[in-house]
Protein chains: 2
Amino acid sequence: MSFELDTTLATDSLLLGTNGDFMLRLANDSRYIWLLLIPTIAGVTEIHQLSPATRHQLSDHSANLSAILMAEFNGDKFNIAALGNQVAQLHIHHIVRKTSDPAWPNPVWGHSPAVPYSAEQRQAIVSRLQRILSL
Amino acid sequence: MSFELDTTLATDSLLLGTNGDFMLRLANDSRYIWLLLIPTIAGVTEIHQLSPATRHQLSDHSANLSAILMAEFNGDKFNIAALGNQVAQLHIHHIVRKTSDPAWPNPVWGHSPAVPYSAEQRQAIVSRLQRILSL
(Lines give C-alpha, C1' and ligand atoms only; values in the text may rest on other atoms or scores of the structure.)
Protein backbone atom coordinates (compact mmCIF):
# COMPACT_ATOMS: atom_id res chain seq x y z
CA MET A 1 0.00 0.00 0.00
CA SER A 2 1.50 3.33 -0.99
CA PHE A 3 0.93 6.60 0.85
CA GLU A 4 -1.83 8.84 -0.45
CA LEU A 5 -2.50 12.19 1.16
CA ASP A 6 -5.97 12.48 2.68
CA THR A 7 -8.18 14.63 0.45
CA THR A 8 -9.25 16.99 3.26
CA LEU A 9 -5.64 17.65 4.20
CA ALA A 10 -4.82 18.20 0.52
CA THR A 11 -7.67 20.70 0.15
CA ASP A 12 -7.06 22.66 3.34
CA SER A 13 -3.29 23.06 3.13
CA LEU A 14 -0.47 23.98 0.75
CA LEU A 15 2.62 21.87 0.05
CA LEU A 16 5.87 23.30 1.39
CA GLY A 17 8.13 20.34 0.70
CA THR A 18 9.12 16.81 1.59
CA ASN A 19 12.05 15.52 3.60
CA GLY A 20 12.67 11.79 3.75
CA ASP A 21 9.57 10.13 5.19
CA PHE A 22 7.85 13.45 5.98
CA MET A 23 5.78 15.98 4.10
CA LEU A 24 5.43 19.53 5.32
CA ARG A 25 2.32 21.57 4.52
CA LEU A 26 0.95 24.98 5.44
CA ALA A 27 -2.65 25.24 6.67
CA ASN A 28 -4.47 27.67 4.41
CA ASP A 29 -5.44 30.08 7.19
CA SER A 30 -3.67 33.41 6.90
CA ARG A 31 -4.29 34.28 10.55
CA TYR A 32 -1.76 31.78 11.89
CA ILE A 33 1.61 30.32 11.02
CA TRP A 34 0.24 26.79 11.12
CA LEU A 35 2.18 23.91 9.64
CA LEU A 36 1.34 20.22 9.29
CA LEU A 37 4.09 17.61 9.54
CA ILE A 38 2.88 14.40 7.91
CA PRO A 39 4.72 11.06 7.87
CA THR A 40 4.32 9.73 4.32
CA ILE A 41 3.75 6.18 5.47
CA ALA A 42 0.54 4.42 4.43
CA GLY A 43 -2.06 3.50 7.02
CA VAL A 44 -0.61 5.32 10.04
CA THR A 45 -3.04 7.14 12.32
CA GLU A 46 -1.12 7.25 15.63
CA ILE A 47 2.43 8.30 16.52
CA HIS A 48 2.96 5.06 18.47
CA GLN A 49 2.45 3.09 15.24
CA LEU A 50 5.68 4.55 13.83
CA SER A 51 8.95 2.69 14.32
CA PRO A 52 11.14 4.07 17.13
CA ALA A 53 13.62 5.41 14.55
CA THR A 54 10.89 7.24 12.61
CA ARG A 55 9.43 8.56 15.87
CA HIS A 56 12.78 10.03 16.83
CA GLN A 57 13.13 11.58 13.36
CA LEU A 58 9.67 13.06 13.83
CA SER A 59 10.78 14.50 17.18
CA ASP A 60 13.90 15.99 15.56
CA HIS A 61 11.98 17.53 12.63
CA SER A 62 9.36 18.86 15.02
CA ALA A 63 11.89 20.50 17.35
CA ASN A 64 13.75 22.02 14.42
CA LEU A 65 10.51 23.42 13.01
CA SER A 66 9.47 24.82 16.37
CA ALA A 67 12.75 26.59 17.05
CA ILE A 68 12.95 28.12 13.56
CA LEU A 69 9.31 29.24 13.41
CA MET A 70 9.28 30.72 16.92
CA ALA A 71 12.39 32.76 16.14
CA GLU A 72 11.30 33.86 12.65
CA PHE A 73 7.75 34.83 13.59
CA ASN A 74 8.43 36.00 17.13
CA GLY A 75 5.89 33.65 18.71
CA ASP A 76 4.66 33.80 22.29
CA LYS A 77 3.93 30.05 22.56
CA PHE A 78 4.17 27.06 20.30
CA ASN A 79 1.36 24.51 19.98
CA ILE A 80 2.08 20.97 18.80
CA ALA A 81 -0.71 18.42 18.48
CA ALA A 82 -1.61 15.08 16.96
CA LEU A 83 -5.41 14.93 17.15
CA GLY A 84 -6.93 13.24 14.10
CA ASN A 85 -10.52 13.22 15.32
CA GLN A 86 -11.72 14.66 12.02
CA VAL A 87 -9.01 13.35 9.67
CA ALA A 88 -7.51 10.11 10.93
CA GLN A 89 -4.39 10.12 8.71
CA LEU A 90 -1.53 11.08 11.04
CA HIS A 91 -0.67 14.76 10.78
CA ILE A 92 0.99 16.78 13.50
CA HIS A 93 -0.04 20.41 13.88
CA HIS A 94 2.73 22.96 14.53
CA ILE A 95 1.35 26.41 15.27
CA VAL A 96 3.02 29.66 16.24
CA ARG A 97 0.72 31.29 18.78
CA LYS A 98 0.63 34.97 19.65
CA THR A 99 -1.26 36.55 22.51
CA SER A 100 -2.77 38.82 19.83
CA ASP A 101 -4.09 36.02 17.60
CA PRO A 102 -7.86 35.50 17.19
CA ALA A 103 -8.15 32.29 19.23
CA TRP A 104 -5.69 33.10 22.04
CA PRO A 105 -5.53 31.62 24.70
CA ASN A 106 -7.78 28.88 23.37
CA PRO A 107 -6.77 26.21 20.83
CA VAL A 108 -7.16 27.21 17.18
CA TRP A 109 -9.22 24.16 16.16
CA GLY A 110 -12.90 24.93 15.84
CA HIS A 111 -12.47 28.55 16.91
CA SER A 112 -13.62 30.21 13.69
CA PRO A 113 -13.56 29.62 9.93
CA ALA A 114 -10.19 29.83 8.18
CA VAL A 115 -9.26 32.99 6.31
CA PRO A 116 -7.44 31.63 3.24
CA TYR A 117 -4.32 33.31 1.90
CA SER A 118 -4.76 35.44 -1.21
CA ALA A 119 -2.72 34.30 -4.24
CA GLU A 120 -0.10 36.95 -3.50
CA GLN A 121 0.06 36.20 0.21
CA ARG A 122 0.32 32.52 -0.53
CA GLN A 123 3.30 32.92 -2.82
CA ALA A 124 5.07 35.14 -0.30
CA ILE A 125 4.52 32.94 2.76
CA VAL A 126 5.32 29.68 0.96
CA SER A 127 8.58 31.15 -0.38
CA ARG A 128 9.52 32.55 3.01
CA LEU A 129 8.86 29.26 4.79
CA GLN A 130 10.71 27.23 2.16
CA ARG A 131 13.69 29.54 2.54
CA ILE A 132 13.90 29.52 6.33
CA LEU A 133 13.22 25.78 6.53
CA SER A 134 15.69 24.99 3.71
CA LEU A 135 13.07 23.12 1.67
CA MET B 1 16.73 26.44 39.86
CA SER B 2 14.86 23.31 40.91
CA PHE B 3 11.65 22.08 39.31
CA GLU B 4 8.39 23.08 40.97
CA LEU B 5 5.08 21.90 39.60
CA ASP B 6 2.81 24.72 38.42
CA THR B 7 0.03 25.29 40.95
CA THR B 8 -2.78 25.03 38.36
CA LEU B 9 -1.46 21.68 37.13
CA ALA B 10 -1.14 20.52 40.74
CA THR B 11 -4.73 21.52 41.51
CA ASP B 12 -6.34 20.11 38.37
CA SER B 13 -4.61 16.72 38.26
CA LEU B 14 -3.62 13.74 40.41
CA LEU B 15 -0.13 12.29 40.73
CA LEU B 16 0.31 8.86 39.16
CA GLY B 17 4.07 8.55 39.49
CA THR B 18 7.48 9.70 38.33
CA ASN B 19 9.93 8.05 35.98
CA GLY B 20 13.39 9.58 35.58
CA ASP B 21 12.97 13.16 34.34
CA PHE B 22 9.20 12.82 33.90
CA MET B 23 6.12 13.08 36.10
CA LEU B 24 2.85 11.48 35.09
CA ARG B 25 -0.46 12.91 36.28
CA LEU B 26 -4.14 12.24 35.65
CA ALA B 27 -6.42 15.17 34.78
CA ASN B 28 -9.22 15.25 37.32
CA ASP B 29 -12.03 14.88 34.78
CA SER B 30 -13.81 11.56 35.06
CA ARG B 31 -15.24 11.80 31.53
CA TYR B 32 -11.90 11.12 29.84
CA ILE B 33 -8.76 9.06 30.31
CA TRP B 34 -6.55 12.13 30.16
CA LEU B 35 -2.97 12.02 31.32
CA LEU B 36 -0.31 14.72 31.56
CA LEU B 37 3.34 13.87 30.93
CA ILE B 38 5.53 16.55 32.49
CA PRO B 39 9.31 16.83 32.19
CA THR B 40 10.53 17.71 35.69
CA ILE B 41 13.09 20.20 34.41
CA ALA B 42 12.91 23.77 35.67
CA GLY B 43 12.03 26.59 33.29
CA VAL B 44 11.01 24.53 30.24
CA THR B 45 7.97 25.69 28.28
CA GLU B 46 8.60 24.20 24.82
CA ILE B 47 9.59 20.70 23.67
CA HIS B 48 12.39 22.11 21.52
CA GLN B 49 14.07 23.46 24.68
CA LEU B 50 14.72 19.89 25.86
CA SER B 51 18.00 18.20 24.98
CA PRO B 52 17.76 15.76 22.04
CA ALA B 53 18.23 12.83 24.45
CA THR B 54 15.41 14.01 26.72
CA ARG B 55 13.20 14.67 23.67
CA HIS B 56 13.70 11.12 22.49
CA GLN B 57 12.92 9.80 25.99
CA LEU B 58 9.77 11.91 25.90
CA SER B 59 8.85 10.35 22.55
CA ASP B 60 9.45 6.86 23.96
CA HIS B 61 7.40 7.47 27.11
CA SER B 62 4.63 9.05 25.05
CA ALA B 63 4.43 6.16 22.58
CA ASN B 64 4.44 3.62 25.40
CA LEU B 65 1.65 5.49 27.18
CA SER B 66 -0.40 5.77 23.99
CA ALA B 67 -0.16 2.09 23.11
CA ILE B 68 -1.02 0.90 26.63
CA LEU B 69 -3.90 3.33 27.18
CA MET B 70 -5.48 2.72 23.77
CA ALA B 71 -5.44 -1.04 24.35
CA GLU B 72 -6.62 -0.90 27.97
CA PHE B 73 -9.45 1.58 27.41
CA ASN B 74 -10.39 0.54 23.88
CA GLY B 75 -9.94 4.03 22.44
CA ASP B 76 -11.05 5.16 19.00
CA LYS B 77 -8.36 7.84 18.63
CA PHE B 78 -5.50 9.17 20.70
CA ASN B 79 -4.88 12.90 21.14
CA ILE B 80 -1.41 14.16 22.07
CA ALA B 81 -0.76 17.87 22.52
CA ALA B 82 1.68 20.39 23.94
CA LEU B 83 -0.27 23.64 24.10
CA GLY B 84 0.58 25.68 27.18
CA ASN B 85 -1.45 28.76 26.30
CA GLN B 86 -2.98 28.81 29.78
CA VAL B 87 -0.21 27.15 31.80
CA ALA B 88 3.20 27.73 30.24
CA GLN B 89 5.09 25.01 32.15
CA LEU B 90 5.62 22.21 29.62
CA HIS B 91 3.03 19.46 29.99
CA ILE B 92 1.98 17.11 27.23
CA HIS B 93 -1.64 16.00 27.13
CA HIS B 94 -2.34 12.33 26.34
CA ILE B 95 -6.03 11.63 25.92
CA VAL B 96 -7.94 8.49 24.96
CA ARG B 97 -10.77 9.64 22.73
CA LYS B 98 -13.97 7.76 22.05
CA THR B 99 -16.59 8.60 19.47
CA SER B 100 -19.04 8.49 22.37
CA ASP B 101 -17.21 11.02 24.59
CA PRO B 102 -18.78 14.44 25.31
CA ALA B 103 -16.47 16.53 23.15
CA TRP B 104 -16.07 14.19 20.16
CA PRO B 105 -14.99 14.99 17.45
CA ASN B 106 -13.78 18.30 18.84
CA PRO B 107 -10.78 18.79 21.12
CA VAL B 108 -11.48 18.39 24.84
CA TRP B 109 -9.96 21.73 25.90
CA GLY B 110 -12.58 24.35 26.60
CA HIS B 111 -15.46 22.07 25.68
CA SER B 112 -17.19 21.97 29.06
CA PRO B 113 -16.30 22.05 32.77
CA ALA B 114 -14.49 19.04 34.21
CA VAL B 115 -16.45 16.44 36.15
CA PRO B 116 -14.05 15.50 38.96
CA TYR B 117 -13.63 11.90 40.09
CA SER B 118 -15.35 10.94 43.35
CA ALA B 119 -13.01 9.72 46.09
CA GLU B 120 -13.88 6.11 45.26
CA GLN B 121 -13.51 6.58 41.52
CA ARG B 122 -10.22 8.33 42.04
CA GLN B 123 -8.73 5.52 44.05
CA ALA B 124 -9.86 2.94 41.50
CA ILE B 125 -8.61 4.76 38.40
CA VAL B 126 -5.28 5.78 39.95
CA SER B 127 -4.61 2.19 41.06
CA ARG B 128 -5.59 0.81 37.67
CA LEU B 129 -3.37 3.26 35.80
CA GLN B 130 -0.42 2.68 38.13
CA ARG B 131 -0.78 -1.05 37.59
CA ILE B 132 -1.00 -1.03 33.80
CA LEU B 133 1.73 1.60 33.49
CA SER B 134 3.99 -0.18 36.02
CA LEU B 135 4.32 2.94 38.20
Side-chain angles (χ1 to χ4, degrees), chain A residues 8 32 37 39 44-72 75-111, chain B residues 8 32 37 39 44-72 75-111:
Chain A
T8 299
Y32 307 100
L37 184 56
V44 173
T45 58
E46 304 286 356
I47 291 173
H48 71 260
Q49 295 166 347
L50 299 172
S51 71
T54 303
R55 261 201 298 102
H56 290 181
Q57 282 179 3
L58 173 65
S59 173
D60 294 345
H61 280 311
S62 175
N64 185 52
L65 257 185
S66 308
I68 291 174
L69 295 176
M70 284 290 275
E72 175 79 6
D76 295 311
K77 191 69 191 66
F78 202 73
N79 290 175
I80 301 176
L83 304 178
N85 307 336
Q86 316 254 5
V87 170
Q89 184 173 79
L90 182 59
H91 58 287
I92 299 102
H93 300 272
H94 288 75
I95 312 163
V96 177
R97 299 301 306 275
K98 302 205 180 200
T99 57
S100 60
D101 74 37
W104 184 267
N106 298 309
V108 299
W109 308 282
H111 176 267
Chain B
T8 300
Y32 308 99
L37 183 57
V44 173
T45 58
E46 304 287 356
I47 292 174
H48 72 260
Q49 295 166 348
L50 300 172
S51 71
T54 303
R55 261 201 297 102
H56 290 182
Q57 282 179 2
L58 173 65
S59 172
D60 294 345
H61 280 311
S62 174
N64 185 52
L65 257 185
S66 308
I68 291 174
L69 294 176
M70 284 289 275
E72 176 78 7
D76 295 311
K77 192 68 192 69
F78 202 74
N79 290 174
I80 301 176
L83 304 178
N85 307 336
Q86 317 254 3
V87 170
Q89 184 174 77
L90 182 59
H91 57 289
I92 300 101
H93 300 272
H94 288 74
I95 311 163
V96 178
R97 299 301 306 272
K98 301 204 182 203
T99 56
S100 59
D101 75 36
W104 184 268
N106 298 309
V108 299
W109 308 281
H111 176 266

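Lettering of chains follows the sequences in order, A, B, ..., and the numbering in each one begins at 1.
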Check whether any side-chain heavy atom of A:Leu65 sits under 4.5 Å from a side-chain heavy atom of B:His48, and report yes or no. no
To the nearest 0.5 Å, what is the distance between OG (A:Ser66) and CD (B:Gln49)? 10.0 Å
Do the side chains of B:Ile80 and A:Glu46 get nearer than 4.5 Å, heavy atoms only? no
Greatest number of non-hydrogen atom pairs under 4.5 angstrom with chain A, of B:Leu58, B:Leu50, B:Asp60, B:Thr45, falls to B:Asp60
Selection from B:Gly110, B:Pro52, B:Ser59, B:Ala81 maximising heavy-atom pairs under 4.5 Å formed with chain A: B:Ser59
Chain B contact residues among residues 85-92 of chain A, heavy-atom distance under 4.5 Å: A:Asn85, A:Gln86, A:Ala88
Contact class of A:Ile47 relative to chain B, heavy atoms under 4.5 angstrom: side chain
Determine which residues belonging to residues 97-106 of chain A lie within contact range of chain B, meaning some heavy atom pair is under 4.5 Å apart, and list them by number or answer 'none'. A:Arg97, A:Trp104, A:Pro105, A:Asn106
For a 4.5 angstrom cut-off between non-hydrogen side-chain atoms, does A:Leu83 reach B:Lys77? no
Heavy-atom pair count under 4.5 Å with chain B, highest-scoring of A:Asn79, A:Asp76, A:Ile95: A:Asn79
Is it the side chain or the backbone of B:Asn64 that comes within 4.5 Å of chain A heavy atoms, both, or neither? neither
